[in-house]
Colleague: 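Starting off with a structure, shown below.
Residue numbers begin at 1 in each chain, while the letters A, B, ... track the order of the sequences. On a predicted model such as this, the values are computed, not experimentally measured, just so you know.
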Amino acid sequence: MIEITPPVRVRFAPSPTGFLHIGGVRTALFNWLFARHYGGQFILRVEDTDEKRYVPGAAEDMMYSLRWVGIDWDEGPDIGGPYGPYVQTERHALGIYQQYIDQLLSSGKAYKSFVTEQELEQMRADAAARGIKSFRYRGAERDWTPEQVAAAEASGRPYTVRLKTPLEGTTSFSDLIRGGDKITVNNSELQDIVLVKSSGMPLYHLAHLIDDHEMRVTHVLRAEEWVPSAPYHLLLYQAFGWTPPVFAHVPAILRQDGKGKLSKRKDDVATNRFWERGYLPAAMFNYLALQGWSYDDHTEIMSRDEVVERFTIDRVQPSPARWNPDKLKDMNGIYIRKLSTAEVAERIMPFLSRATLIGDPPSGSERAYVERLIPLVHERLEELGDAPELLEFFFRDVAPAGGAGALEYDLALLIPKKMDAAGTAAALAAAHAVLSTLEPWTEGQLEETLRALAEELELKPGQLFGAIRVAVTGRTIAPPLFETLAALGKDRSLARIAAARDALSV
RNA sequence: GCCCCCAUCGUCUAGUGGCCCAGGACAACACCCUUUCAAGGUGUAGAUCGCGGGUUCGAAUCCCGCUGGGGGUACCA
């Protein structure tokens, strides 16, 4: 059992380079869960030190995604907090990082490096040409005298600030998730990483660490791809004389085919794609919580509060999970089925509006009609976005191919197994006749009448009902027939049956 | 190449030395229910716990090696 001692302050610090994919949401979620379970604070910070990859609006988009799954923050760019600002470029503009850079430089823990990117590139190429396996840059400037540095600076040459990493010895750190032994690397494997670009902008390694320190972050839960750079961070904490936070590297979420981690380009995993398709936040929350964490050997469906109560870091496992959209979809279906009719109607309306099946906003009668239709499709929905397709025939005309309907269907679909066109036409004619005098037009009456008719015609119920289903919906797979007829109304039902009968009779 | 991390059914996982010839869920398949499709119910199949060595009376569980997968190796994060 891992003891977590308060205070607990964690953060999620995305880089605004595009949309947030579900892997990022999962990392954020574990941080949030950790903070909520152990009674700490969850901080959101924007790490936008990479000017080249910066995408305007991405930070806002990410915040929207986070809130959508139900992750809120105690301190952040939009709400502020005691250690703001929470955007790195703003902090840089305020000069927050400079004093720390000076401190590193004057204590000899870092040095100014005057090699250019081009020179570096050349050195790498040369090294590769000579068959050198790994190129680790440690500049000659690390041993320069103050005079040499001053001279280079006086000539106006741009420089970066690099960490002066030890040549010998080892650096190690422990990890809450990768328990057991510490992770240790030989310092000889390290290189003098760049801390500050020639533009004066600090890089992630430096900026995040200063921010974490100033923001009193106690536990760093981040994706496992950061494990290799953790030694640099340890060295930096040592250089500053600060106590490092506790680390916990959460497992990655791999692509569905297992070939590599999720990629924004290759995989359809942008968080917004999920609300666009009609996923419920609760389902996404529940699914993501189970990617790398579990409660026991059988509990899967859990509310937000239950997960918060049960989430402990020792049940987070170190091995990577694989993106499994089928499982998410199944869970989404479970959560949709838990919703009331009114709730489903409310959530489905925007999809129907977008498909121009109803107005935007819907009229009062449209709203009422949609609510009337929900029970027919409620348990058949796995994605709310499927609703327009499932309900389309209630809003558009349906007719056999060649007819006048907006939704046309193949005549052959009309003919049930072991029947022919003439027989089907006769059955539909009989159905039309008996239904045209039916009062009241209710589900119960419809069922009673049509069952009696099937018996009278010596047809199996499925044969008769199948033909009527296609006539009325234009498809073989549809909601239950009697409910459909009742919801569609007498006039429209009869007109469609007549059209089918006539088409088959020609 | 080098460094680091990881390793239980196709997938997500339970399992921390005997309760496991390995449990649950998704997916698959079959049957039941049934007017189609779902939902629901029942069941089947699917993992010699990656491989090989140890330690132990006893190992999926501990140790070592190998293999495989992933990640890192930027003036990206």
Colleague: Which heavy atom of A:L44 sits nearest to which heavy atom of A:P77, and what is that distance?
Modeller: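 For A:L44 versus A:P77, the nearest heavy atoms are O-CD, 3.4 Å.
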Colleague: Table please: side-chain donor-acceptor pairs of residues 456-467 of chain A below 3.5 Å, with sequence neighbours left out.
Modeller:
unit_1, atom_1, unit_2, atom_2, d
A:Q463, OE1, A:K460, N, 2.9
A:Q463, NE2, A:K417, O, 2.9

Colleague: Cut-off 3.5 Å, side chains only: do A:D48 and A:T89 have a donor facing an acceptor?
Modeller: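 Present: a donor and an acceptor within the cut-off.
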Colleague: What contact category does A:T49 fall into here, base, sugar-phosphate, or nothing, at under 4.0 angstrom with non-hydrogen atoms?
Modeller: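 Sugar-phosphate contact only.
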Colleague: For A:R142 and A:T165, indicate whether the former's side chain and the latter's backbone hold a donor-acceptor pair under 3.5 Å.
Modeller: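 A pair under 3.5 Å: yes.
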Colleague: Side chain of A:K52: nearest nucleotide among B:rC4, B:rC76, B:rG15?
Modeller: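 When the side chain of A:K52 is considered, B:rC76 is the closest of B:rC4, B:rC76, B:rG15.
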Colleague: Roughly how many Å is it from CD in A:E382 to C1' in B:rA27, rounded to a whole number?
Modeller: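 Atom-to-atom, A:E382 to B:rA27, this comes out as 11 Å.
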Colleague: May I ask you to say what A:E447 touches in the nucleic acid, namely base, sugar-phosphate or nothing, with a heavy-atom cut-off under 4.0 Å?
Modeller: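 Counting heavy atoms under 4.0 Å across all strands, no contact is made by A:E447.
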Colleague: If you check every side-chain atom of A:A321, which of B:rU13, B:rC5, B:rC75 has the closest atom?
Modeller: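 The closest nucleotide is B:rU13.
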Colleague: Listing time: all N or O pairs from protein to nucleotides 23-26 of chain B that are below 3.5 Å?
Modeller:
unit_1, atom_1, unit_2, atom_2, d
B:rG23, N2, A:D297, O, 3.2
B:rG24, N2, A:E300, OE2, 3.4
B:rA25, O2', A:E300, OE1, 2.7
B:rA25, O2', A:K327, NZ, 2.1
B:rC26, O4', A:K327, NZ, 3.4

Colleague: Which pairs, protein N/O on one side and nucleotides 66-68 of chain B N/O on the other, fall under 3.5 Å?
Modeller:
none

Colleague: Please report the distance, rounded to the nearest Å, between CD1 in A:I477 and P in B:rA39.
Modeller: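 Taking CD1 of A:I477 and P of B:rA39, I get 13 Å after rounding.
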Colleague: Using a 4.0 Å heavy-atom cut-off across all strands, classify A:G333 as base, sugar-phosphate, or nothing.
Modeller: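 It contacts nothing in the nucleic acid.
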Colleague: How many Å lie between CZ on A:R26 and P on B:rC12, as a whole number?
Modeller: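 Atom-to-atom, A:R26 to B:rC12, this comes out as 12 Å.
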Colleague: Taking the side chain of A:D50 as its heavy atoms from C-beta onward, which of B:rC12, B:rC75, B:rA77 lies nearest to it?
Modeller: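 Out of B:rC12, B:rC75, B:rA77, the nucleotide with an atom closest to A:D50's side chain is B:rA77.
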Colleague: Round to a whole Å and report the spacing from CG of A:L450 to P of B:rU34.
Modeller: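 Rounded to whole Å, this separation is 18 Å.
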Colleague: Give A:P231 one of three labels, base, sugar-phosphate or nothing, depending on what nucleic acid heavy atoms sit under 4.0 Å from its own.
Modeller: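 No contact.
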Colleague: Fit a plane to each ring of A:H92 and A:Y97, take the angle between them on a 0 to 90° scale, and name the class: parallel (under 30°), tilted (30 to 60°) or perpendicular (over 60°).
Modeller: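 The rings of A:H92 and A:Y97 lie parallel, inter-plane angle below 30°.
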Colleague: From A:N31 CG over to A:R11 CZ, what is the distance, rounded to the nearest 0.5 angstrom?
Modeller: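 With rounding to 0.5 Å, CG (A:N31) is 7.0 Å from CZ (A:R11).
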Colleague: Describe the nucleic acid contact of A:E117 in one word from base, sugar-phosphate, nothing, applying a heavy-atom distance below 4.0 Å.
Modeller: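 Base contact.
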Colleague: So, A:R277 and A:D386, do they make that salt bridge, N to O below 4.0 Å?
Modeller: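 Salt bridge between A:R277 and A:D386, a charged N being under 4.0 Å from a carboxylate O: no.
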Colleague: Establish whether the base of B:rC37 is bridged to the side chain of A:R380 by a donor-acceptor pair shorter than 3.5 Å.
Modeller: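 It does, because a donor-acceptor pair links the side chain of A:R380 to the base of B:rC37 below 3.5 Å.
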Colleague: Can you tell me how far P of B:rC12 sits from CG of A:L262, to the nearest Å?
Modeller: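 Rounding to the nearest Å, CG of A:L262 and P of B:rC12 are 12 Å apart.
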Colleague: Can you name the closest pair of heavy atoms from A:R26 and A:V250 and give their distance?
Modeller: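 Result for this residue pair: NH2-CG2, 3.8 Å.
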Colleague: So which nucleotide from B:rC4, B:rG72, B:rC6 ends up closest to the side chain of A:P228?
Modeller: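 So the side chain of A:P228 is nearest to B:rG72.
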Colleague: Over all strands shown, is A:A252 touching base, sugar-phosphate only, or nothing at heavy-atom distances under 4.0 angstrom?
Modeller: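 Touches nothing.
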Colleague: What is the distance, to the nearest angstrom, from the NE2 atom on A:H208 to the C1' atom on B:rC76?
Modeller: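 Distance check: A:H208 NE2 to B:rC76 C1' gives 14 Å.
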Colleague: Is A:S319 touching bases, backbone alone, or none of the nucleic acid, heavy atoms closer than 4.0 Å?
Modeller: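 Sugar-phosphate, backbone atoms only, no base.
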Colleague: Would A:K112 and A:Y159 count as a cation-pi pair here, with the cationic atom under 6.0 angstrom from the ring centre and within 45° of the axis?
Modeller: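 Cation-pi check for A:K112 and A:Y159: passes.
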Colleague: Atom CD of A:E224 and atom C1' of B:rA7: how far apart are they, to the nearest Å?
Modeller: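 Going from CD in A:E224 over to C1' in B:rA7 covers 12 Å.
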Colleague: Taking atom types as they are modelled, is there a donor-acceptor pair under 3.5 Å from the base of B:rC76 to the side chain of A:R53?
Modeller: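 Answer is yes: a donor-acceptor pair is held.
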Colleague: Could you grab the distance from atom CZ of A:F114 to atom OG of A:S198, nearest 0.5 Å is fine?
Modeller: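 Between atom CZ of A:F114 and atom OG of A:S198 there are 11.5 Å.
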Colleague: Which nucleotide sits closest to the side chain of A:H205: B:rC2, B:rA77, B:rC6?
Modeller: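 For the A:H205 side chain, the nearest candidate turns out to be B:rA77.
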Colleague: Which nucleotide in the set B:rA74, B:rC3, B:rC76 lies at the smallest distance from any side-chain heavy atom of A:Q191?
Modeller: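 Per side-chain heavy atoms of A:Q191, the pick is B:rA74.
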Colleague: What is the distance, rounded to the nearest whole Å, between atom CH2 of A:W226 and atom P of B:rC6?
Modeller: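 In whole Å, B:rC6 P and A:W226 CH2 are 19 Å from each other.
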Colleague: Give one of base, sugar-phosphate or nothing for A:K329, where a contact means two heavy atoms less than 4.0 Å apart.
Modeller: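 Nothing, no nucleic acid heavy atom in range.
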Colleague: With no hydrogens and no angle check, just 3.5 Å: does a side-chain donor-acceptor pair link A:Q88 and A:D211?
Modeller: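 The criterion, which ignores hydrogens and geometry beyond distance, is satisfied for A:D211 and A:Q88.
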